[in-house]
Amino acid sequence: MKLPALLLLSCGLLSLPLGAHAQAQRVNRCTNAQGQSVFTDRSCDAVDATARAPRGEPSVGNTGIYRAGCARRLSELTEQIRQAVSLQDVNRLSSIYLWGNVSNATANQIIGRLESVVRRPLVDIAPVYPSVAEPIEPLILPPDPDATAGAAGVVPVEVAPPAPSRPRPVGLRLEQTLANSATPSRTVFGLRRQYGCFWITL
């Protein structure tokens, strides 16, 4: 007995990997007839433009989005940022941005900020840690009221607080200078871990 075509199609959709959903939400960089860059979550053909991807670089399907690979370590993510700024390639930087459910208007604003970042000379990339909490005072235990009469003069015991664990970075701080100037400029990217990879946010 043959399954109806609609049922077969439904089974095929359910078998798609989660990565396909994440890929579909990416922002595409296209070039219109005037040679201007257009960023959209739709296909380039839908906005009367052509896909644009760096020559000789791998991309995801025909989206025109550069993919340097999954940054499973923070050092890999930092190196991808360095390369993107060095080449002034916003496609590289946008490929490690966690887009999620971003509207077209918001995506254009984010791409504009990323373009500004790759145009500025990079001085340093430093991790950003969560703010350090106030030091914990030692806990002093009073004498045990149920202690025997001969232990009335027992000195209270100081209990040392547990050693603080090493904090994990919550962001990356880019120290740059404005183009053709020594004026310092700073950008802080948030860090997110998703799909087993590190991503940046604004």
Side-chain angles (χ1 to χ4, degrees), residues 17-29 37 39 41 51-102 106-136 162-202:
L18 293 176
H21 176 68
Q23 175 180 331
Q25 293 181 348
R26 296 194 177 279
V27 177
N28 299 328
R29 181 177 184 178
S37 295
F39 300 94
D41 60 351
R52 176 179 177 180
R55 292 184 179 179
E57 301 291 359
S59 62
V60 177
N62 295 320
T63 62
I65 290 295
Y66 171 84
R67 287 305 306 271
C70 173
R72 298 190 178 276
R73 294 185 297 180
L74 193 56
S75 59
E76 296 175 0
L77 184 72
T78 302
E79 183 58 29
Q80 290 183 18
I81 295 175
R82 289 186 186 277
Q83 292 180 3
V85 176
S86 175
L87 297 173
Q88 296 188 350
D89 190 343
V90 70
N91 276 343
R92 283 177 180 253
L93 197 57
S94 66
S95 73
I96 56 176
Y97 190 90
L98 186 61
W99 292 101
N101 295 321
V102 178
T106 303
N108 286 331
Q109 294 175 2
I110 293 172
I111 287 293
R113 294 183 62 182
L114 296 181
E115 281 188 315
S116 298
V117 169
V118 299
R119 289 174 183 166
R120 295 192 289 261
L122 181 63
V123 177
D124 188 28
I125 302 178
V128 176
Y129 293 96
S131 57
V132 180
E134 294 295 327
I136 302 175
S165 59
R166 185 179 179 182
R168 294 183 178 181
V170 294
L172 291 174
R173 185 178 68 250
L174 275 64
E175 301 290 352
Q176 298 177 278
T177 58
L178 298 181
N180 303 320
S181 171
T183 304
S185 175
R186 174 177 294 177
T187 302
V188 177
F189 287 127
L191 281 178
R192 291 283 301 278
R193 192 177 181 92
Q194 194 166 333
Y195 311 120
C197 306
F198 283 103
W199 308 88
I200 59 174
T201 61
L202 282 172

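For the atom pair CZ of R173 and OG1 of T187, the computed distance is 11.5 Å after rounding to the nearest 0.5 Å. In this structure, the separation between CG on L77 and CD1 on I81 is 4.5 Å, given to the nearest 0.5 Å. Considering CZ of R92 and CG of L87, their distance stands at 5.0 Å, rounded to 0.5 Å. For the atom pair CZ of R186 and OG1 of T177, the computed distance is 13.5 Å after rounding to the nearest 0.5 Å. In this structure, CG on L98 lies 10.0 Å from CD1 on I110, to the nearest 0.5 angstrom. Considering CD1 of I96 and CD1 of I200, their distance stands at 4.5 Å, rounded to 0.5 Å.
Between W99 and I111 the shortest heavy-atom distance is CH2-CD1, 3.6 Å. Among all heavy-atom pairs drawn from W199 and Y97, the shortest one is CE3-O, 4.0 Å. Between L74 and P169, the shortest heavy-atom distance links the atoms CD2-CG, 3.9 Å. A pairwise comparison of heavy atoms in N91 and S94 identifies O-OG, 3.0 Å as the closest pair. For the residue pair L93 and A84, the shortest heavy atom distance occurs at N-CB, 3.8 Å. Closest approach of Q80 to A71, counting heavy atoms only: NE2-CB, 4.0 Å.
Side-chain contact between L172 and L191 is present, with at least one heavy-atom pair separated by less than 4.5 Å. L202 has its side chain within reach of F189: a pair of non-hydrogen atoms, C-beta onward, lies under 4.5 Å apart.
In this structure a side-chain-to-backbone donor-acceptor pair under 3.5 Å is missing from S86 to R82. At distances below 3.5 Å, at least one donor-acceptor pair connects side-chain atoms of Q176 with backbone N or O atoms of V117. Checking side-chain atoms of R72 against main-chain N and O of G196 turns up a donor-acceptor pair under 3.5 Å. Checking side-chain atoms of S116 against main-chain N and O of G112 turns up a donor-acceptor pair under 3.5 Å.
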Problem - Candidate pair D89 and V118, rule side-chain contact (heavy atoms from CB on, under 4.5 Å), full reasoning - result: CA-CA 6 Å; D89 190 343; V118 299; over 6 Å; no
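Within a 6.0 Å radius of CG in D124, more than 12 heavy atoms belonging to other residues, nucleotides or ligands are found. In R168, the CZ atom is not crowded: 12 or fewer heavy atoms of neighbouring residues, nucleotides or ligands sit closer than 6.0 Å. Enclosure of atom CZ in R193 by more than 12 non-hydrogen atoms of other residues, nucleotides or ligands within 6.0 angstrom is indicated.
Between the side chains of R120 and S185, a donor-acceptor pair is found at a separation under 3.5 Å.
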